[in-house]
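Right, one structure below, let's go through it.
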Amino acid sequence: MWVVPERIGAGVGRALFEHAVRQASLMQASFIDITADPHAESLYQRMGARRVGEVVSELDGRRRVLPRLVCEISSE
């Protein structure tokens with residue numbers, strides 16, 4: 001999921017993430033695995049995800065390290 005820069009800070013990312021968690025719960029998933037943009041890592045952490053590693057990729061010939069997070073889905 002991506003939020004256009006002019007909407008960052010308006011609650012759009014939170015709403016999208018909460019929707020994803022609800023959908024995952026309905027599908028009886030136990031977790032969501034997230035490869036995040038480094039600038040979005042703090043949002044995911046505030047939403048309860050924890051960092052479990054990194055994913056190294058290449059974009060336009062440049063090495064890029066992305067945080068990998070996991071968010072546990074409660075079975076309430």
With a 4.0 Å cut-off, would you call Arg64 and Glu58 a salt bridge? no
For Ser30, which residues count as a side-chain contact (heavy atoms from CB on, under 4.5 Å) partner, sequence neighbours excluded? none
Arg14 atom CZ: more than 12 heavy-atom contacts under 6.0 Å: no
Any chance you could measure [X], atom [atom1], to [Y], atom [atom2], to the nearest 0.5 Å?
{"X": "Arg7", "Y": "Leu16", "atom1": "CZ", "atom2": "CG", "value": "11.0 Å"}
{"X": "Gln45", "Y": "Leu69", "atom1": "CD", "atom2": "CG", "value": "6.0 Å"}
{"X": "Arg51", "Y": "Arg68", "atom1": "CZ", "atom2": "CZ", "value": "11.5 Å"}
{"X": "Glu18", "Y": "Arg22", "atom1": "CD", "atom2": "CZ", "value": "6.5 Å"}

Would you kindly confirm whether [X] and [Y] end up in one hydrophobic cluster when ILVMFWY residues are joined by side chain heavy atoms under 4.5 Å apart?
{"X": "Val52", "Y": "Ile32", "value": "no"}
{"X": "Met47", "Y": "Val12", "value": "yes"}
{"X": "Val70", "Y": "Val21", "value": "no"}
{"X": "Phe31", "Y": "Ile34", "value": "no"}

Which pair of heavy atoms, one from Leu66 and one from Pro38, lies closest together, and at what distance? CD2-CD, 3.7 Å
Write down the atom of Ser25, the atom of Ser74, and the distance for their closest heavy-atom approach. OG-O, 4.0 Å
Side chain to side chain, Val55 and Val65, heavy atoms closer than 4.5 Å: no
Test item: Pro67 and Tyr44 side chains (from C-beta on) under 4.5 Å apart, heavy atoms: no
Indicate yes or no for a side-chain donor-acceptor contact from Asp60 to the backbone of Arg62 under 3.5 Å, with no hydrogens or angles considered. no
